[in-house]
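Below is one structure, written out as structure tokens; comments come after it.
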2 protein chains.
Amino acid sequence: MTTTLRDVARHAGVSVKTVSNVVNDHPHVSDEMRRRVREALGALGYRPNLAARTLRTGRTGLLALVVPDVEAPGLHGLVREVVRAATSQGFRVVVEHLGAGTGRPAPSRSGAPPGVDAVLLGADPVPPGLVDAHLRTGTPLVLLGESGDPRCDQVCVDGTRAAADAVEHLVRTGRRRIAAIGARPGLASAPAQPRILGYRRALRRAGLDPPTGYVRPIAEDRHEDGYRAARWLFAREDRPDGVVCHSDRLAVGALRAAADAGLRVPGDVAVIGFGDSAEGGYSRPTLTSVSADPALLAREAVTLVTARLDRPDAPPTRITAPHAILPRESTRPAG
Amino acid sequence: MTTTLRDVARHAGVSVKTVSNVVNDHPHVSDEMRRRVREALGALGYRPNLAARTLRTGRTGLLALVVPDVEAPGLHGLVREVVRAATSQGFRVVVEHLGAGTGRPAPSRSGAPPGVDAVLLGADPVPPGLVDAHLRTGTPLVLLGESGDPRCDQVCVDGTRAAADAVEHLVRTGRRRIAAIGARPGLASAPAQPRILGYRRALRRAGLDPPTGYVRPIAEDRHEDGYRAARWLFAREDRPDGVVCHSDRLAVGALRAAADAGLRVPGDVAVIGFGDSAEGGYSRPTLTSVSADPALLAREAVTLVTARLDRPDAPPTRITAPHAILPRESTRPAG
DNA sequence: TTGAAAGCGCTAACAG
DNA sequence: CTGTTAGCGCTTTCAA
């Protein structure tokens with residue numbers, strides 16, 4: 001049924017090795033041979049058996065992209081760019097949801113999923129124990145995001161700086177009462193949570209320490225969470241005149257809350273998001289956003305993988321990807 | 001370095017076969033054996049070599065999800081749901097961009113990507129020749145979308161009915177001049193393009209045949225394409241009072257165009273989209289949308305795959321997934 | 001119920 | 001430059 005190298009070899013009247021050489025573009029094959037083999041390859045419709053190749057070489061050519069959920073916020077464009085970057089560097093991408101496995105144990109528990117050359121982890125925060133589990137398996141792991149681990153390769157955005165930049169942007173447009181939406185409830189108290197840290201730091205530097213309750217936790221990262229948090233903020237006596245949202249999705253929810261509360265954006269309140277989603281570019285008003293370049297992140301991550309596969313014992317590399325503020329209508333200077 | 005079945009067997013003092021039986025939960029193993037083997041498995045940190053297993057069994061446990069682009073519109077929620085459905089049925093998902101391969105030939109040309117048990121194709125329209133290429137490889141192919149092919153399994157939405165429903169919905173809210181945004185330029189003339197067909201049919205039945213130019217082609221499926229098409233429509237003498245957009249993304253672009261043109265939605269013009277994206281639920285105004293349930297689509301598709309793998313020669317199955325209109329602000333009855 | 005051995009398709013070491 | 005061959009780790013007859 002399926003054509004093997006041997007079939008092709010027989011058909012072309014050459015040895016298996018030669019066919020293999022042709023298939024893999026190895027040198028030291030005469031043009032005449034190459035031509036003949038190519039012909040046989042085509043005639044028989046040869047398709048390489050990846051499993052056999054993998055068994056022999058130890059390389060699958062597969063990268064696992066492990067994320068909480070493909071559509072999780074903060075991931076805008078990342079999946080696409082990882083697929084692109086991986087493809088262009090000769091890998092294919094297996095998408096895996098964190099903790100999704102009903103059958104086998106979830107990757108979060110067992111460490112690296114089997115059958116891949118490396119794992120890209122796009123989860124913030126990194127589930128506890130995951131890094132250790134990986135380290136035990138020996139499969140290279142690259143962290144993508146804002147939180148890191150000194151023991152593995154990572155390409156990350158400086159969340160503290162990014163949040164501070166967002167605050168400074170709002171201050172520059174004349175805002176004084178700046179709130180934040182998007183702290184993870186479980187981590188709200190951890191002072192190290194990078195964005196909250198940056199938010200507080202920037203406000204302190206500006207002499208604008210926020211009142212209690214200005215940092216709103218959310219359950220999940222959905223429009224409605226942003227909406228609810230914003231409604232709550234807008235109902236306060238000391239209503240904020242600027243809101244930093246930890247994703248564009250939350251920010252769009254906040255925009256709607258402002259409208260429902262009869263507030264004008266940016267007149268009464270400015271809103272800034274994270275992630276530069278397409279949605280934010282077409283919301284009303286259009287949304288200012290802080291973002292890194294997902295294509296860059298993805299390329300760097302895949303490059304890290306190849307480097308790691310070449311030298312498994314090199315010390316971990318940490319790459320910091322730049323971020324930028326994309327100013328749009330939602331933060332136009334007031335007045 | 002890596003632990004093999006033989007290592008475990010030696011460690012437990014049993015044969016390879018017995019270890020294999022335990023790993024695969026085969027019956028006919030005494031409890032005592034099982035216990036001892038389990039222990040050895042754990043102690044040595046055994047991890048099965050998927051490549052070897054695949055080479056032997058012919059099954060990779062991998063499904064390729066081939067799409068134009070992970071973030072392509074019309075795919076809202078599909079990738080996530082395919083990953084979920086596949087996981088729960090024991091598969092993993094390799095995401096492949098159509099024609100993305102810079103190295104090897106793109107899957108659109110060579111047929112099925114190698115090393116997967118089946119291919120799910122989420123591309124509308126299906127690239128010409130792709131189905132033939134697949135058929136030649138023998139890898140099962142399941143089509144997801146609105147266009148189909150009688151030669152392979154498919155789970156699809158009735159695009160003609162869906163578009164007709166959208167038009168009827170607008171008519172019911174009192175609209176008379178109904179335009180459409182989203183015809184693919186290359187196919188604009190093909191009368192079979194299902195949505196355009198449904199659009200025209202429903203209008204004809206309502207005695208509201210559209211004037212020339214009311215069907216706007218777009219280059220891609222982005223906000224700005226919807227925006228531009230809508231601006232053009234709104235600048236006409238016979239400005240439409242209802243617009244059917246072939247994706248939510250286009251529709252959100254159209255909403256913005258309406259605002260920029262000084263038109264109120266739904267007062268002056270109603271807008272309806274396709275896909276029930278989260279974005280449409282939080283746009284201003286919120287967007288009415290026609291959609292199928294992506295989770296259902298995905299589950300059916302994976303079920304089709306397993307059925308096909310069990311009986312390769314069964315006749316192709318076609319499943320039609322239901323769709324529904326989710327009425328929101330953008331199509332509230334006028335007046 | 002368990003063990004021994006063959007072989008899936010491929011690559012790489014070695015021989016010619 | 002080309003051919004022969006061993007063996008990657010696993011499943012699975014077949015025999016005990």
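In what follows, every chain begins at residue 1, and chains take the letters A, B, ... in the order their sequences are listed.
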Atom pair distance, as rounded to whole Å: [atom1] in [X] and [atom2] in [N]:
X: A:Arg6; N: D:dT2; atom1: CZ; atom2: P; result: 21 Å
X: B:Arg35; N: C:dT2; atom1: CZ; atom2: C1'; result: 17 Å
X: B:Asp25; N: D:dC10; atom1: CG; atom2: C1'; result: 17 Å
X: B:Leu55; N: C:dG9; atom1: CG; atom2: P; result: 7 Å
X: B:Arg10; N: D:dG9; atom1: CZ; atom2: P; result: 12 Å
X: A:Asn49; N: C:dC8; atom1: CG; atom2: P; result: 11 Å
X: B:His26; N: D:dT13; atom1: NE2; atom2: P; result: 11 Å
X: A:Asp7; N: C:dC10; atom1: CG; atom2: C1'; result: 13 Å

Restricting to non-hydrogen atoms, name the atom on [X] and the atom on [Y] that form the minimum distance, rounded to 0.1 Å.
X: B:Thr3; Y: B:Tyr46; answer: O-CD1, 3.4 Å
X: B:Gln154; Y: B:Val142; answer: CA-CG1, 4.3 Å
X: A:Leu121; Y: A:Leu141; answer: CB-CD1, 3.9 Å

Select base, sugar-phosphate, or nothing to describe what A:Val14 touches, counting heavy atoms under 4.0 Å on all strands.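 Sugar-phosphate, no base atom in range.
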Does [N] have OP1 or OP2 under 4.0 Å away from a side-chain N or O of [X]?
X: B:Ser30; N: C:dT2; value: yes
X: B:Thr2; N: D:dG9; value: yes
X: A:Thr18; N: D:dC1; value: no
X: A:Asn24; N: C:dT11; value: yes

As a test of reading the structure: which of [options] is closest to the side chain of [X], going by heavy atoms?
X: B:Ser15; options: C:dG3, D:dC10, D:dG3; value: C:dG3
X: B:Lys17; options: D:dT12, C:dT11, D:dT2; value: D:dT12
X: B:Arg56; options: C:dT11, C:dT2, D:dT12; value: D:dT12
X: B:Met33; options: D:dT11, D:dC10, C:dT2; value: C:dT2

Can a donor-acceptor pair be found between the side chains of A:Thr60 and A:Asp117 at a distance below 3.5 Å?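 There is such a pair (donor and acceptor under 3.5 Å, judged by atom type) between the side chains of A:Thr60 and A:Asp117.
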A:Arg308: which of A:Thr317, A:Asp153, A:Thr139 passes side-chain hydrogen bond (donor to acceptor under 3.5 Å, both in side chains):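 Only one of A:Thr317, A:Asp153, A:Thr139 forms a side-chain hydrogen bond (donor to acceptor under 3.5 Å, both in side chains) with A:Arg308, namely A:Asp153.
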Would you mind telling me which residue lines up with the more 5' stretch of DNA chain D, B:Tyr46 or A:Gly13, judged by nearest nucleotide?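 Between the two, 5'-proximity favours A:Gly13.
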